[in-house]
Number of protein chains: 2
Amino acid sequence: MAKRKRITAQMVADRAGVSRSAVSRAFTKGSYLEESKRRRILGIAAEIGYQPNALAAGLQGGRSRLVAVIEGDIRNAHDTTLISRLCSALNANGFWPILVSGTPINGYTEALAFPLDALIVRGGSMSKDLVHRCAKLGIPMICYGRPTEELNIDSVHCKNQAGMQLATELLVSKGRQKFGFLGGPDQFYSSMKRRKGVLNALENAGLDLQAEAASDFSVDGGFTAAKTLLTGNGHIDALVCANDAMAIGALGAARALGIAIPDALSVVGFDDADMADWQITKLTTVRNPLETTVQEVLNLLVDRINNPDRECRTIRVEPQLVIRGTH
Amino acid sequence: MAKRKRITAQMVADRAGVSRSAVSRAFTKGSYLEESKRRRILGIAAEIGYQPNALAAGLQGGRSRLVAVIEGDIRNAHDTTLISRLCSALNANGFWPILVSGTPINGYTEALAFPLDALIVRGGSMSKDLVHRCAKLGIPMICYGRPTEELNIDSVHCKNQAGMQLATELLVSKGRQKFGFLGGPDQFYSSMKRRKGVLNALENAGLDLQAEAASDFSVDGGFTAAKTLLTGNGHIDALVCANDAMAIGALGAARALGIAIPDALSVVGFDDADMADWQITKLTTVRNPLETTVQEVLNLLVDRINNPDRECRTIRVEPQLVIRGTH
DNA sequence: ACGGAATGTGCACACGTGTTCAGTACGAGT
DNA sequence: ACTCGTACTGAACACGTGTGCACATTCCGT
């Protein structure tokens with residue numbers, strides 16, 4: 001073997017005694033071709049294992065069905081899950097996701113070597129250069145996790161502020177009065193908005209934020225930060241966390257300190273990640289719905305491809321309170 | 001815009017007053033081209049945003065640098081992490097991973113529409129058809145998670161049996177005598193081998209397995225199964241779990257039942273997943289090293305591309321005992 | 001001054017496909 | 001019989017690139 005010889009349409013044509021065009025037509029539905037001939041061609045193709053070369057087809061002017069998914073540096077397990085689902089959805093809709101991860105070399109513009117049908121990127125991984133080049137080349141760009149109206153780019157993101165406000169209001173309604181907030185890295189858009197949600201709810205209730213700490217969206221980070229927060233001077237009876245991982249760390253810290261949950265302390269998170277629903281966790285949280293987000297991204301993408309000149313759109317996904325056992 | 005006009009080498013050539021060949025050569029290192037001319041070309045290319053079209057280049061006979069990564073139906077969080085790392089590594093080495101996930105339609109053979117440089121697949125997601133077609137087309141196939149010598153396919157997998165045996169021996173050396181085993185789905189190759197490791201260690205120590213249950217590699221599954229196991233008739237002082245997720249579920253079950261860990265019960269897992277090292281967990285486990293696996297897969301791949309006719313190779317990755325706090 | 005090596009460049013081909021365009025065969029309508 | 005429309009087909013082109021080959025130019029040694 002070794003010779004890596006690709007099976008071409010010409011071979012099928014020779015074998016079937018037809019022209020190469022006929023073979024192409026046999027695979028293109030909506031083309032004129034005598035039914036018996038089409039069946040014979042498809043039969044021979046299956047027999048010798050012929051498949052139209054997607055590269056050549058993509059070159060041929062039309063759509064390539066290739067979509068770059070810029071993963072960037074992933075921190076959050078929830079993000080990894082989202083990407084995985086997104087790729088599945090792309091597959092199911094006949095697209096081929098090319099995953100671009102790791103640290104950016106040229107702001108991820110290397111991926112533009114392919115004639116992409118679209119490019120999907122997380123808000124945090126967008127570079128000016130990438131945006132500029134995509135616009136110039138006319139490649140649709142879909143962003144998730146952050147609004148991008150000002151850049152004239154389609155985007156999908158969860159209503160972070162409203163969601164966290166909902167969760168905080170729940171705790172207020174339970175009679176909690178001394179609130180702490182466990183945030184993520186400063187530059188994270190989502191963490192900033194979620195914090196705002198907490199402050200809004202507290203202001204509406206005439207309460208103040210008693211304590212605050214920032215960590216890195218990880219379980220361990222949450223554990224350490226919560227431990228400090230809970231052993232600090234001011235007493236706290238409610239801890240709102242900017243994501244589920246940190247909330248779970250906080251639960252561990254409370255347990256280590258002998259603080260009863262939810263009797264002495266309410267803890268809520270954000271995302272409704274897998275681990276929030278574990279029986280050993282049962283974290284009260286806010287659902288940041290993956291399926292909806294994925295579906296909306298796909299809708300935007302398909303819609304944009306069919307109608308390249310339409311106005312850009314920003315989809316705000318509705319968060320949802322998930323009542324479990326830690327509030 | 002809308003016209004999605006790709007910038008071609010010809011445009012750069014016109015602008016620079018050279019032939020199109022010169023432009024191609026400017027981007028191909030190792031080609032003869034006057035240095036000043038090369039610089040001028042690259043300058044103009046950067047200016048108008050030209051990049052060689054990877055599709056056209058791939059079509060041109062040589063390597064396409066495309067690698068299909070068959071993800072299949074992912075169950076395990078650890079698998080998702082592996083795939084993410086794998087894609088990063090492929091990126092870093094100049095390959096473009098096309099992710100194929102979801103349920104197989106034709107045994108994942110649709111991905112062969114691309115002239116792939118290679119195809120990476122998990123042991124569990126291999127179909128006879130896929131193997132056959134790849135062999136016929138001369139596309140290198142790398143498998144991970146299962147040995148595949150009999151199929152003449154390169155593969156990488158962890159020494160499941162030896163690893164679990166190591167962990168069991170650790171518990172034996174601590175004086176544990178009543179062992180339970182928490183396994184995964186029957187058809188999982190890895191679970192089977194890990195169980196064998198437990199039995200080996202016990203046999204060497206003259207001990208019997210006291211109790212056994214099978215679950216689904218998930219935290220919740222582990223929780224439920226462990227609860228049953230721990231409340232059953234036979235008393236148990238050591239619980240060996242086929243992966244970390246189930247072990248963490250088991251830890252939760254023990255806590256719920258008021259069983260002190262590690263005083264009254266030892267628990268060990270397998271994988272050394274992220275969650276095993278959480279401060280709230282500190283699970284004693286066996287490292288199934290991701291980085292090594294990824295690196296070995298990449299080595300096999302590059303080596304195979306450079307030398308298509310070499311003998312197939314099976315790499316057995318050495319597991320490593322990770323001592324933490326639950327044994 | 002002259003032959004030959006060394007260096008640099010452009011032409012043309014190949015890669016494998018989808019699709020347009022002109023053209024053939026054939027049946028039906030007048 | 002003649003025209004017209006219909007069903008079908010093959011030749012040819014375009015997509016954008018890398019590279020073999022032949023040719024042009026420069027340089028050097030004698």
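We name chains A, B, ... by the order of the sequence lines, and we start the count at 1 in each one.
- The side chain of A:Leu59 sits closest to D:dG16 out of D:dT19, D:dG16, D:dG10.
- Under the 4.0 Å criterion applied to side-chain N and carboxylate O atoms, A:Arg313 and A:Asp303 are assigned as salt-bridge partners.
- The stretch residues 14-21 of chain A touches DNA chain D through A:Ser19, A:Arg20, A:Ser21, each having a heavy atom within less than 4.0 Å of the strand.
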| task | Output, in order, the C-alpha distance, side-chain angles, deciding distance and verdict of side chain to side chain donor-acceptor pair (under 3.5 Å) for B:Ser84 and A:Thr80. | result | CA-CA 8 Å; B:Ser84 181; A:Thr80 309; 5.3 Å; no
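- Contact annotation: side chain of A:Arg25 to base of D:dG10, donor-acceptor pair present below 3.5 Å.
- Bending across the helix from C:dA1-D:dT30 to C:dT30-D:dA1, expressed as the angle between its end axes from five pairs apiece, amounts to 50° (10° rounding).
- Across residues 35-54 of chain A, A:Tyr50, A:Gln51, A:Pro52, A:Asn53 each have a non-hydrogen atom less than 4.0 Å from an atom of DNA chain C (numbered order).
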| said: As a quick check of understanding, evaluate side-chain contact (heavy atoms from CB on, under 4.5 Å) for B:Trp96 and B:Phe114, giving each step before the final call. | reply: CA-CA 12 Å; B:Trp96 297 102; B:Phe114 292 91; over 6 Å; no
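- The existence of a salt bridge linking A:Glu34 and A:Arg38 is excluded, since no basic side-chain nitrogen approaches an acidic carboxylate oxygen closer than 4.0 Å.
- A:Asp154 and A:Arg310 are joined by a salt bridge, as a carboxylate oxygen and a charged side-chain nitrogen come within less than 4.0 angstrom of each other.
- Put simply, the residue from A:Thr293, A:Asn299, A:Thr292 that forms a side chain to side chain donor-acceptor pair (under 3.5 Å) with A:Gln295 is A:Asn299.
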| request: Show your reasoning for whether salt bridge (Lys or Arg N to Asp or Glu O under 4.0 Å) applies to A:Glu47 and A:Arg15. | output: CA-CA 11 Å; A:Glu47 185 185 333; A:Arg15 199 120 154 187; 3.7 Å; yes
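- If you check D:dT17, C:dG10, C:dG16 against the side chain of B:Ala57, the one that comes closest is D:dT17.
- Phosphate contact (OP1/OP2 of D:dT17, side-chain N/O of B:Ser24, threshold under 4.0 Å): absent.
- Comment: A:Arg133 does not engage A:Glu110 in a salt bridge, judged by the lack of any side-chain N to carboxylate O separation of less than 4.0 angstrom.
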